[in-house]
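Predicted model, so just to flag it, every value in this text is computed and none were measured. Positions are given from 1 along the sequence.
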Amino acid sequence: MQFQEFKIENLEQFPKDLEKMLDKHLNRIDSIAKSDDFTYAGVLKPMQDLDEELENFFTPLAHLNSVENSETTQKAYEESLPLLSKFSSQVAQNEALFKKIKKISSDELEPKKVIEDNIKSFVLSGAELPLEQKKELEAINLKLSELGNNFSQNLLDATNAYELIIENESDVEGIPEGDLALAKTEIDGKIVYKFTLQIPSYLAYMTYGVNREYREELARAYSSRAPKNAEVIDELMELRQKKAKLLGFDSYAEYSLATKDAPSTDAVIEFLEKLADEALPQAKVELEELKTYAREVDNIFSLQSFDVAYYSEKLKKEKFDFDNSMTKPYFEKQRVLRGMLDVVSELFSVEFKEVEVTVWNEKVKTYDIYKNSKLSGRVYFDLESRKEKRGGAWMHNWETHFVDAKGEKHLPSAFIVCNFSPSTEDSPSLLRHDDVVTLFHEMGHGIHHLFGTCTEHSVSGVNGVAWDVIEFPSQFLEAFAYEKPILKCFAFHHETGEPMSDELLDKINSTKNYQAAMGILRQVEFSLFDFKLHLKLHKGDEVQELLDDVRKKTALLKVPKYNKFQNGFAHIFAGGYAAGYYSYKWAEVLSADAFFACTDESGFNQEKADGYLKYILSRGGSVDMNILYKEWLGRDADVTSLLKLYGIEA
């Protein structure tokens with residue numbers, strides 16, 4: 001089967017069309033539940049077909065609302081959420097269907113996992129609750145969906161509402177040409193420089209801006225965004241804990257782990273605190289070096305959080321004779337993209353061919369994927385930032401590889417979205433090296449979905465994969481963005497075509513672990529805050545108090561009182577990572593261990609790469625990841641590999 005065309009005929013009509021589809025689906029599900037057929041093929045196979053139909057229809061709107069946000073997309077999306085929430089609740093509370101699924105069995109690997117996952121999903125959706133509690137849970141789920149969207153919209157609105165206008169040329173000295181060109185604008189006939197809270201613009205000044213007062217102003221604006229989200233957080237936290245208790249869990253954190261790889265809440269806390277303990281000594285050394293440097297070069301005797309990026313970049317340049325601006329001219333977006341696709345092609349024996357199809361923005365690039373000369377998938381890249389696009393980077397799966405009830409094979413598709421510096425008529429989009437790493441990371445997610453070969457929709461690609469190991473393939477691929485032979489494939493000066501020098505390539509690798517321990521502490525801070533926040537109900541001032549308590553261990557610099565980081569923590573309040581942010585580090589144990597298993601002094605081990613494709617990428621959620629990992633390498637992942645990756649002595 002060929003791919004869906006990306007289009008929405010009528011945004012205003014969309015919720016009504018969705019409602020019709022959901023009604024049709026409910027009728028079909030009801031007839032399946034009431035039928036005399038108790039076979040997998042007669043029940044769960046057609047149910048998965050309905051899942052694909054709904055995803056194919058709704059995903060374009062969800063995607064459009066994130067990448068071309070407008071009042072019209074917001075309205076359609078917000079009107080659709082209650083319909084989807086109600087539909088999910090109605091399916092989850094269909095007792096006849098639940099009873100029927102519990103009677104289905106299969107000896108085949110994929111169907112067996114689909115049955116197990118469905119039963120678990122029904123239980124976690126309240127199928128075994130009394131009627132009144134089912135209704136209560138339905139109302140909670142609806143409200144949670146609305147609140148997550150409100151959080152995201154508040155954050156986007158606040159991000160777009162702020163701008164810093166700088167008139168004095170001396171205050172923008174040292175900012176890379178490309179970033180400066182994007183900031184340059186004219187107001188009342190005068191040339192000025194406008195910086196915003198969108199990540200490329202914000203980071204440009206925080207990293208290179210010489211005026212300390214402006215850095216503080218920007219940092220204050222960024223870290224105090226969306227104060228309205230404090231109330232949203234309170235509502236979210238109360239409803240999440242209520243939901244967990246209804247379903248028989250002591251906390252939302254415990255509920256979250258029911259579908260994850262981690263064995264217990266204690267295991268997660270212990271893992272994070274041990275990681276912090278291992279990183280802390282080196283992080284203190286790294287910070288002391290930074291403080292000394294700031295004191296020596298600029299008489300800064302009290303280093304503040306808004307100074308860290310600026311002096312870290314200056315110190316890196318002095319210490320390694322390197323900074324990000326040196327590599328940026330060599331990382332032209334389109335060339336990096338093509339180079340990355342060539343690397344993936346070589347590693348996994350596939351081919352990417354650019355195609356002209358319907359897209360939502362003229363800068364989007366689309367590629368069809370071929371395996372053994374046969375069409376096998378499609379991937380869309382939307383890589384440049386713009387005002388209408390929410391911040392961050394992500395992979396959004398659209399279509400899924402599977403075989404439907406009629407025996408017809410469907411092919412997968414996915415969107416890769418980033419927020420790199422935008423191109424203009426005069427200059428291309430140029431990437432920092434950490435942007436290159438981000439692109440590889442999101443492509444790691446992409447190939448996890450696109451290279452799936454399962455025949456059952458519910459466990460194909462990223463479907464059915466435990467949340468705390470979903471980052472494994474993304475982190476695995478990003479590790480290669482530091483490797484010299486890979487960078488050589490696409491690091492060419494955008495004006496002269498000159499290849500990046502060996503000296504500069506070596507510096508990228510040598511600076512990989514610069515301030516690595518400080519970075520680990522920051523990630524542990526986010527993870528501990530998230531997980532402890534969901535261990536019991538925290539509301540109002542208790543949220544800030546918890547964050548302050550976590551920071552006693554992880555924050556080596558005093559955090560300003562105006563910093564309300566939580567109001568912008570979309571990952572856990574609007575992005576699906578609630579009581580799951582630890583997943584990044586949990587999965588990184590797998591990715592680090594796999595990276596060392598796949599590389600040696602002679603380079604990449606092709607036999608191991610073939611095994612990675614066969615056991616990890618192609619099998620999706622059909623088997624638990626810890627089992628797949630053992631099948632691939634014959635052992636469990638070694639936790640010390642993570643410390644080794646960062647150059648930290650255990």
Side-chain angles (χ1 to χ4, degrees), residues 159 162-185 191-223 286-287 289-291 293-300 303-333 384-385 391 418-424 426-438 493-495 500 504 507-508 511-512 514-515 518-519 522 557:
T159 299
Y162 175 89
E163 51 187 46
L164 170 67
I165 303 298
I166 296 177
E167 298 183 359
N168 197 326
E169 293 273 352
S170 64
D171 290 327
V172 294
E173 279 179 15
I175 292 176
E177 258 181 58
D179 294 315
L180 206 56
L182 290 171
K184 195 173 184 178
T185 189
I191 296 297
V192 297
Y193 299 91
K194 179 171 74 176
F195 292 89
T196 71
L197 301 184
Q198 291 178 35
I199 284 296
S201 179
Y202 174 74
L203 284 182
Y205 205 86
M206 294 306 294
T207 307
Y208 301 103
V210 294
N211 188 311
R212 197 181 188 207
E213 289 180 8
Y214 283 150
R215 290 201 308 272
E216 181 177 12
E217 184 179 333
L218 266 174
R220 181 188 290 267
Y222 189 83
S223 62
E286 291 169 357
L287 182 62
E289 180 185 37
L290 191 63
K291 284 180 173 179
Y293 176 76
R295 189 165 59 244
E296 288 175 352
V297 297
D298 278 341
N299 291 319
I300 301 294
L303 191 77
Q304 300 297 315
S305 55
F306 52 81
D307 295 319
V308 171
Y310 177 73
Y311 286 106
S312 292
E313 192 65 20
K314 282 174 74 78
L315 175 59
K316 186 202 280 188
K317 188 168 186 177
E318 186 168 305
K319 192 173 181 178
F320 300 98
D321 189 23
F322 176 85
D323 69 29
N324 273 313
S325 66
M326 295 165 73
T327 60
K328 215 173 177 184
Y330 294 89
F331 292 136
E332 188 273 317
K333 180 201 73 176
E384 299 183 25
S385 69
C418 297
N419 270 281
F420 302 148
S421 294
S423 55
T424 65
D426 302 320
S427 61
S429 172
L430 300 177
L431 278 53
R432 297 153 55 110
H433 180 257
D434 55 4
D435 292 330
V436 177
V437 174
T438 296
H493 198 283
H494 74 100
E495 290 177 331
M500 187 181 286
L504 201 48
K507 284 176 181 178
I508 288 175
T511 58
K512 179 177 73 168
Y514 173 61
Q515 296 183 343
M518 285 169 60
R522 184 168 168 78
L557 283 176

Can you tell me how far the CD atom of Gln515 sits from the NZ atom of Lys316, to the nearest 0.5 Å?
-> 8.5 Å
Can you check whether Leu303's main-chain N or O pairs, donor with acceptor, with Lys291's side chain at less than 3.5 Å?
-> no
Residues that Tyr222 engages under ring pair (Phe, Tyr, Trp, His ring centres under 6.0 Å), provided they are two or more places apart = Tyr202
So salt bridge (charged side-chain N to carboxylate O under 4.0 Å, His left out) across residues 198-209, not counting sequence neighbours, yields none
Could you grab the distance from atom OG1 of Thr185 to atom OH of Tyr193, nearest 0.5 Å is fine?
-> 11.0 Å
Spell out, as yes or no, whether a donor-acceptor pair under 3.5 Å connects the side chain of Glu286 to the backbone of Met518.
-> yes
Roughly how far, to the nearest 0.5 Å, is the CG atom of Leu197 from the CG atom of Leu218?
-> 6.5 Å
Shortest non-hydrogen contact from Tyr330 toward His493 = CD2-N, 3.3 Å
Sub-4.5 Å side-chain heavy-atom contact between Val297 and Leu315 | no
For residues Tyr205 and Arg215, determine if any side-chain heavy atom of one lies less than 4.5 Å from a side-chain heavy atom of the other.
-> yes
Derivation of the side-chain contact (heavy atoms from CB on, under 4.5 Å) call for Tyr293 and Lys319 | CA-CA 10 Å; Tyr293 176 76; Lys319 192 173 181 178; over 6 Å; no
Phe195 vs Ile175 side-chain heavy atoms within contact, under 4.5 Å | yes
Of Val172, Asn168, Ile166, the one forming a side chain to side chain contact (heavy atoms under 4.5 Å, CB included) with Tyr214 is Ile166
Quick one: salt bridge (charged side-chain N to carboxylate O under 4.0 Å, His left out) partners of Asp323, sequence neighbours excluded?
-> Lys317
Contacts of Glu313 meeting salt bridge (charged side-chain N to carboxylate O under 4.0 Å, His left out) (sequence neighbours excluded), chain-then-number -> none
Looking at CG of Asp434 and NZ of Lys512, how far apart are the two atoms once the value is rounded to the nearest 0.5 Å?
-> 15.0 Å
So, do Cys418 and Asp435 sit near enough that their side-chain heavy atoms are less than 4.5 Å apart?
-> no
Minimum heavy-atom distance Tyr208-Pro176, with the two atoms named | CD1-CD, 3.4 Å
Sequence neighbours left out, what passes side-chain hydrogen bond (donor to acceptor under 3.5 Å, both in side chains) with Asp179? Give chain and number order.
-> Lys328
Could you tell me whether the side chain of Lys333 reaches within less than 4.5 Å of the side chain of Leu430, counting heavy atoms only?
-> no
Sequence neighbours excluded, which residues qualify as side-chain hydrogen bond (donor to acceptor under 3.5 Å, both in side chains) partners of Tyr514?
-> none
Residues in salt bridge (charged side-chain N to carboxylate O under 4.0 Å, His left out) with Asp298, at least two apart?
-> none
Are any of the side-chain heavy atoms of Leu504 and Phe322 separated by less than 4.5 Å?
-> yes
With Glu177 via side-chain hydrogen bond (donor to acceptor under 3.5 Å, both in side chains) - residues at least two apart | none
Do Gln304 and Glu216 come close enough that some side-chain heavy atom pair is under 4.5 Å?
-> no
Got a sec, which pairs hit salt bridge (charged side-chain N to carboxylate O under 4.0 Å, His left out) with one end in residues 162-172, sequence neighbours left out?
-> Glu163-Lys194, Glu167-Lys190
Does Ser429 use its side chain to pair, donor to acceptor, with the backbone of Ser421 at less than 3.5 Å?
-> yes
For Phe306, which residues count as a ring pair (Phe, Tyr, Trp, His ring centres under 6.0 Å) partner, sequence neighbours excluded?
-> none
Given the rule in the side-chain contact (heavy atoms from CB on, under 4.5 Å) test, do Gln198 and Asn419 qualify, once you have shown the distances and angles that lead to the verdict?
-> CA-CA 9 Å; Gln198 291 178 35; Asn419 270 281; 5.7 Å; no
Identify the heavy atoms of Pro422 and Glu384 that sit nearest to each other, and give their distance.
-> CA-OE1, 3.2 Å
Taking Thr511 for the side chain and Ile508 for the main chain, is one N or O donor matched with an acceptor at less than 3.5 Å?
-> yes
Ignoring hydrogens and angles, state whether a donor on the side chain of Glu217 or Tyr162 is under 3.5 Å from an acceptor on the partner side chain.
-> yes
Report the distance from atom CD1 of Ile199 to atom CG of Leu203, rounding to the nearest 0.5 Å.
-> 5.0 Å
Partners meeting salt bridge (charged side-chain N to carboxylate O under 4.0 Å, His left out) with Arg212 (sequence neighbours left out) | Asp307
Main-chain N/O of Val210 paired with Glu173 side-chain donor or acceptor, under 3.5 Å | no
When rounded to the nearest 0.5 angstrom, what distance separates CE in Met326 from CG in Asp321?
-> 5.0 Å
Of all residues at least two apart in sequence or in a different chain, which pass the side-chain hydrogen bond (donor to acceptor under 3.5 Å, both in side chains) check with Ser305?
-> none
